[in-house]
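Presented below is the structure to which this report refers.
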There are 2 protein chains.
Amino acid sequence: MDQPEKEITITDVAKQAGVSMATVSRVVNGNNNVKEITRQKVLAVIDKLHYRPNAVARGLASKKSTTIGVIMPSITELLYANLADGIDDVASMYKYNILLTSFDNGKNEEQQLFNSLLAKQVDGIIYMGEQVSDELYESMLNSRVPVVFAGAVDHKNQIASVNIDYVTAARDVVKLLIDNGNQKIAMVTGDLKNSINGDYRLKGYQQALEQGGINYSSNNVFETVYNLQAGAAVWDAINDSGATAAYVTNDLLAAGIVNAAMAAGKNIPQDFEIITSSNTILCDVTRPQMTSVAQPLYDIGAVAMRMLTKLMNKEIVDELEVRLPYSLVKRDTTKKNN
Amino acid sequence: MDQPEKEITITDVAKQAGVSMATVSRVVNGNNNVKEITRQKVLAVIDKLHYRPNAVARGLASKKSTTIGVIMPSITELLYANLADGIDDVASMYKYNILLTSFDNGKNEEQQLFNSLLAKQVDGIIYMGEQVSDELYESMLNSRVPVVFAGAVDHKNQIASVNIDYVTAARDVVKLLIDNGNQKIAMVTGDLKNSINGDYRLKGYQQALEQGGINYSSNNVFETVYNLQAGAAVWDAINDSGATAAYVTNDLLAAGIVNAAMAAGKNIPQDFEIITSSNTILCDVTRPQMTSVAQPLYDIGAVAMRMLTKLMNKEIVDELEVRLPYSLVKRDTTKKNN
DNA sequence: TTGAAAGCGCTAACAT
DNA sequence: ATGTTAGCGCTTTCAA
């Protein structure tokens, strides 16, 4: 409103306050080696001039950007949005800004995103993808800045990660289904190449079957994609298979199945039980409401970010992999008798 | 893997290639004033050394960060996530990175977020909040960098914005409800202090009533918050009011109402009709599926970002406010007869 | 077509 | 407690 938009710099403040740049810098950075009276003087000028330190210049000089990078699949998937929410809260708690990048499935642009974050001099990176290429994995290992996986697992256990025990979670689910009297249980999953599905959840599914004395058959594993239509589309196949229950790895997919089953006149949960995996708001929206593994998504994000702050500070973290507890929230797509 | 993590700088490249920093800079920035042969030579060295320009240094020198700031309410609200999705796609198309900041309702931290984005030297800002304080509005007007509202309206029409015509959208909704034979129609909304609700949607609601020869009564306006529980909680009051239809301004809230009404044995849409406002995936998840205003959320985000790129380039934008077309998607919470 | 050199706005020794 | 000064890694005149 006043003058023609001249940016105020530390030099302007120093001059007006009659001190050196160094002193202004000290005041701005809360360095104690400043006499209270000069501090006040400088502060007054800063206020008067509306001085706002240039974070880019600061970053260049200090080699710290107080910015972290986040790499995630689609931001519109509730699962990731919830993780991001936790990351965001803790990041702002520690005064970090977030440089957000997301990628469309498949294309190997993740490597590029990673590089561009490094170019921007982020102080650390949180990754929530489903599978890392060997090349990207190498880059992460050799990265100048720390990397933390949120909601993902590093099979090689060399990169920090925060997650839940996907194997036992799947096992618990399927065990409940068996305990409820089901003998033929479908597993409805997304891409099995994604190791959470293909390695961990599938393993838990198989373990539970084995413990329940049921033979595993790949015919009962339905691999599809994560959306409502896919759920509707796969229902007939599931039903035809003779399964009386389904363990589903995604809430949206599960919602599609619930709706399709209901539309087909199936009685849920009496004749067909369904358990899903992320406990997002969708579990409360469907009718019947869906029983689900409750991953503490927000917490996973928050803990991952907290862990990253420690790593960025070169603090010691005792465990490279943090497994948060999960629970099973029973709603109305499973029988009540237990 | 090789050496102890020494960052490669433009100087290293210049030396190895036997040229000056200026030349390397030209090559990196695609400046044509470089002989092809030297270009190749430099490129080879860049490749060999894995040189990656430091974006912070570049930003300081060029006064451009190729980063934009985004200020949004909760990232977990589908509405905003969809807007952000559009922003993200166009941003990466134009090689901009996104500095994402979100705020918890109420607190006046938005001003702070805005300032911190400016401190980070973003080249532009997209704002998706619901209401801006006078102070923040002033800051935006006087900002060194352009600001665009996405999914919000600037009553004073001084700040660029992309949105839909919320007044006519509301009017269309309520008109359909009237045409379907409803005489008492509830409006269920979030905070009326949010001008989209309190000014635009409410006005459209009133206009439709007036055109339909129905008296407006504030008793039929139910102000609550945007979540499932609120929907369930408000249902009894709506029902008691004698309303036979409801215009709801949020999908999650609407889902809560649909579920509560169904649970109460209400026959939807025969005995009670519901139309919601954002056409998110929730509309397809509920049973019956919800009729909704289809805001082109992704497009709003995308167009807002495109507009920002123009503004950042000092290109002329013919209209400060862009109104995208919306439609009414009829599903199963409204009668079929029309 | 290329190079030299002056910044960009700040931090961080180092002096005092 | 405060000031001086040398960078941080790059872009951008200005010369050549």
Side-chain angles (χ1 to χ4, degrees), chain A residues 5-43 45-46 49-67 115-116 118-123 144-145, chain B residues 5-43 45-46 49-67 115-116 118-123 144-145:
Chain A
E5 288 293 2
K6 162 81 180 88
E7 261 337 92
I8 309 295
T9 73
I10 198 172
T11 322
D12 301 324
V13 176
K15 264 183 207 145
Q16 282 245 5
V19 299
S20 72
M21 286 166 53
T23 299
V24 177
S25 176
R26 288 188 187 102
V27 171
V28 168
N29 293 296
N31 185 316
N32 282 321
N33 291 31
V34 182
K35 225 194 307 182
E36 181 57 22
I37 186 148
T38 44
R39 217 178 65 83
Q40 294 303 341
K41 193 171 50 180
V42 171
L43 248 22
V45 175
I46 285 179
L49 264 37
H50 299 301
Y51 168 63
R52 190 189 301 125
N54 180 324
V56 170
R58 194 196 289 227
L60 183 58
S62 69
K63 308 227 157 231
K64 285 189 174 60
S65 62
T66 59
T67 298
N115 288 342
S116 91
L118 290 183
K120 292 268 177 170
Q121 310 302 114
V122 295
D123 297 333
R144 178 178 37 84
V145 303
Chain B
E5 287 294 0
K6 163 83 179 84
E7 266 329 277
I8 308 297
T9 73
I10 198 172
T11 322
D12 301 324
V13 177
K15 263 183 209 147
Q16 282 246 5
V19 299
S20 72
M21 285 165 54
T23 299
V24 176
S25 175
R26 289 188 186 102
V27 170
V28 168
N29 294 297
N31 185 317
N32 281 322
N33 291 32
V34 182
K35 225 195 308 182
E36 181 57 22
I37 187 147
T38 43
R39 216 178 67 84
Q40 295 301 344
K41 192 170 52 181
V42 171
L43 248 21
V45 175
I46 285 179
L49 263 37
H50 300 302
Y51 168 62
R52 189 191 300 127
N54 179 324
V56 171
R58 193 196 291 226
L60 183 58
S62 70
K63 309 229 158 228
K64 284 191 176 62
S65 62
T66 60
T67 298
N115 287 341
S116 92
L118 290 183
K120 293 270 178 169
Q121 310 304 114
V122 295
D123 297 334
R144 178 177 38 84
V145 302

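Chain A is the first sequence line, chain B the second, and so forth, proteins listed ahead of strands; every chain is numbered from 1. Just so it is clear, the model here is predicted, and its values are computed rather than measured.
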(message) Within the 4.5 Å heavy-atom criterion, are A/Val145 and A/Asp123 side-chain neighbours or not?
(response) no
(request) Determine, for nucleotides 10-16 of chain D in 5'-to-3' order, which nucleotides have protein heavy atoms under 4.0 Å from the base (write B), from only the sugar-phosphate (write S), or from neither (write -). (result) BBBB---
(request) Kindly indicate whether the side chain of B/Thr9, heavy atoms from C-beta on, has any atom under 4.5 Å from the side chain of B/Asp12. (result) yes
(message) What contact category does A/Val19 fall into here, base, sugar-phosphate, or nothing, at under 4.0 angstrom with non-hydrogen atoms?
(response) sugar-phosphate
(message) Using every non-hydrogen atom in the two residues, find where A/Pro53 and A/Val28 come nearest and quote the distance to one decimal.
(response) CG-CG1, 3.7 Å
(request) Return the set of residues passing side chain to side chain donor-acceptor pair (under 3.5 Å) with A/Arg39 (not counting sequence neighbours), or none when no residue passes. (result) A/Glu36
(message) With a strict under 4.0 Å distance from non-hydrogen atoms of chain A, what nucleotide opens and what nucleotide closes the contacted stretch of DNA chain C, reading 5' to 3'?
(response) C/dG9 to C/dA13
(message) For a side chain to side chain donor-acceptor pair (under 3.5 Å) check, start with the C-alpha distance between B/Thr66 and A/Lys120, then their side-chain angles and the critical distance, and finish with the verdict.
(response) CA-CA 10 Å; B/Thr66 60; A/Lys120 292 268 177 170; 3.0 Å; yes
(message) How close do B/Leu49 and B/Ile8 get, counting heavy atoms only, and between which atoms?
(response) O-CG1, 3.4 Å
(request) Could you pick out which residue, B/Asn32 or B/Leu60, lies toward the 5' side of DNA chain C when each is mapped onto its nearest nucleotide? (result) B/Asn32
(message) For a quick test of reading the model, state the closest non-hydrogen atom pair linking B/Val56 to A/Leu60 and the distance between them.
(response) CG1-N, 3.6 Å
(request) Determine the sole option in B/Leu43, B/Ile10, B/Thr38 for which the side chain to side chain contact (heavy atoms under 4.5 Å, CB included) test with B/Val24 is passed. (result) B/Ile10
(message) Rounding to an integer number of Å, can you tell me how far A/Asn31 CG sits from D/dT2 P?
(response) 11 Å
